[in-house]
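Heads up: the structure comes next, in structure tokens.
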Amino acid sequence: MSEGGVLREFAVKDIQAGKQNGEPLLEKFIDMLVQLLIEIPVVNFTYVIHLETINTLLTLLSVQLYVPRIAHRSIFFQYLMQGKCSKDACPLVKTLLDHIVKHDLCPPELYKGSGSGGMLYGLGAAVASGLWTMVTFGYGRGSGTDDDNKALLANQSLLLTLVLANHYTHEKGMHNPYRQALCTFGNLQDAASASPTSPVPVFRMNLTGLYETFCKYMKDDQMTLLLYLLLHRNTNIRAYILSRTNIELLVVPILKILYDAQERNSHHIYMALIILLIMSEDDAFNKSVHELIVKNITWYTERNITEITLGGLVVLVVIRTIQYNMTRMRDKYLHTNCLAALANMSSQFHSLHPYVTQRIVSLFELLSKKHGKILEHLRNSPKLEHRNSNDERQELQPTPDYATDLAVLEEVIRMVLEIVNSCLTNTLHRNPNLIYTLLYKKELFVPFRTHPTFQDIIQNIDMVLNYFTAKLEQQHTGSLSVHEVLDIIKQAILQWPRDRLKKFPELKFKYVEEDQPEEFFIPYVWSLVYHSSNLYWNGDKIELFTINT
């Protein structure tokens, strides 16, 4: 039934009840759904009531699926955003977050159709189970574990939260109280120590449980998207998460999303990467990740690494994402965000693993080879000629694609060099392995010494290379082992004058959301509802996005 059809049905009921001029029955119905979620506690026999209430709200709001226009002005959304139930936005958002955190599994009665709570309860559970089976039979699209697929209330609550929070975010004259609640709630433990000058959170909840939920279930798009929204918009949540001493429990699952990029959609990769970028804006985070040791990262298969700093693992995975993007996606936006995260962290690089330094220099080597090939194409491209009215020959420019590719590539190379330079300028004394790798591959930098785009940065790197090369040449012991070279480097570091290098502006990048974020987020959120809600949607009628996205 269309939105208009629903409106006509409720309008008829209004007329029959003689309430043409009172509160519309449809608005009252939506308000009752919200009240039901807030006031009725979740126990075994009410689980399905909550579930179907959320499904009803998702179904009403799904009119957005069937129109191509972003941010369709639906009467259902207007009632939620501006109607009577909008006053309950805070308790509703808190209720939905509580469901997400508790992650209660669906009661077995809903699957078995029998229970132990007496005849009336058993009959009710059987009926509920039958209804639920009818609604979802054959249409489940969940891809998680059995327990993930059985935590239906948490999943539906998460989807409804995302739908409510991502509509009407920049509409003139339309305030979104659900987004406001989500972006301003605070930590229950901070209530006693709240500053009188800081804004009062609209509600408080135990953030320990929320943090643990993110750490445990950070593998699906919808959980990643909720974390992005809270980190980007809620300063209380961002401060709490970045202050965790076990931040590796959250960062490692995010890195695994990036590592498995070939199995993820591009939106999910972006969200995971932007979360890392937001985290890297915090200096304390950048420092702490190089002090935390992670062990036995079995999913990282390129090399067996038994122990590495969390910061080193971040560098490895982000560089791998850049290389994956170069060969598969070729997306400049993704490159920019990857390099921005590394740049933010570069001044705090500490005790980089030898393999990490190899990957940094290997990335530069890969970019250098690509740079050389593009230059060769430009030199070999045939230059077209034509004659003007005076019979004078004029050369036309070669194919412009190569010139554009060269400009983009040189921006990336410049950024990589700036990251290396930032590390050498700020933490050279803590990274002997990087110096060793740079010395081993020092010939890579020769072609860029006279290039106007890179000359100033290369001068700093050359100064470091020349200093340590001279120290090595002072040793007249013939061939040196790796350990001997590293020992000489460590001794030479102690004598290195720290003010010797030219100072460049500090590398600091901040994530800024697009001017019209709805164009990205609304289709993305509804594609998650379509694929993950375990409800049937008529794919042939959907106009908001392409089904396979």
Could I get the full list of side chain to side chain contact (heavy atoms under 4.5 Å, CB included) partners for [X], not counting sequence neighbours?
{"X": "Ile38", "result": "Val34, Asp88, Pro91, Leu92, Thr95"}
{"X": "Thr208", "result": "Asn206, Glu212, Tyr240"}
{"X": "Glu302", "result": "Tyr259, Tyr300, Arg320, Tyr355"}

Residues [X] and [Y]: side-chain donor-acceptor under 3.5 angstrom:
{"X": "Tyr524", "Y": "Asp221", "answer": "yes"}
{"X": "Thr213", "Y": "His103", "answer": "no"}
{"X": "Thr169", "Y": "Glu518", "answer": "yes"}
{"X": "Asn534", "Y": "Gln156", "answer": "no"}

So [Y] and [X], do their side chains get closer than 4.5 Å, heavy atoms only?
{"X": "Trp526", "Y": "Ile522", "answer": "yes"}
{"X": "Leu158", "Y": "Leu528", "answer": "no"}
{"X": "Phe185", "Y": "Lys94", "answer": "no"}

* Asked: Should the pair Lys256-Asp260 be classified as a salt bridge under the 4.0 Å nitrogen-to-oxygen rule?
  ->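 Looking at Asp260 together with Lys256, the answer is yes, because their closest N to O distance falls below 4.0 Å.
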
* **Summary of side-chain hydrogen bond (donor to acceptor under 3.5 Å, both in side chains) pairs that have at least one residue in residues 304-314, sequence neighbours excluded** =>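 side-chain hydrogen bond (donor to acceptor under 3.5 Å, both in side chains) check on residues 304-314 returns no pairs.
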
* Please list, chain by chain and in numerical order, all residues satisfying ring pair (Phe, Tyr, Trp, His ring centres under 6.0 Å) with Tyr228, sequence neighbours excluded. => His232, Tyr511, Phe521

Short question: side chain of [X], backbone of [Y] - any donor-acceptor pair under 3.5 Å?
{"X": "Asn236", "Y": "Asn187", "answer": "no"}
{"X": "Thr46", "Y": "Pro41", "answer": "yes"}
{"X": "Gln35", "Y": "Ile30", "answer": "no"}
{"X": "Gln348", "Y": "His290", "answer": "no"}

* Verify the neighbour count for atom NZ of Lys287: are there more than 12 heavy atoms of other residues, nucleotides or ligands below 6.0 Å? => no

* To do: Could you tell me whether Lys216 atom NZ has more than 12 heavy atoms of other residues or ligands within 6.0 Å of it?
  => no

With a 3.5 Å cut-off and sequence neighbours excluded, list the donor-acceptor pairs that the side chains of residues 271-280 form with protein atoms.
from, atom 1, to, atom 2, distance (Å)
Ser280, OG, Leu277, O, 2.7
Ser280, OG, Asn344, ND2, 3.0

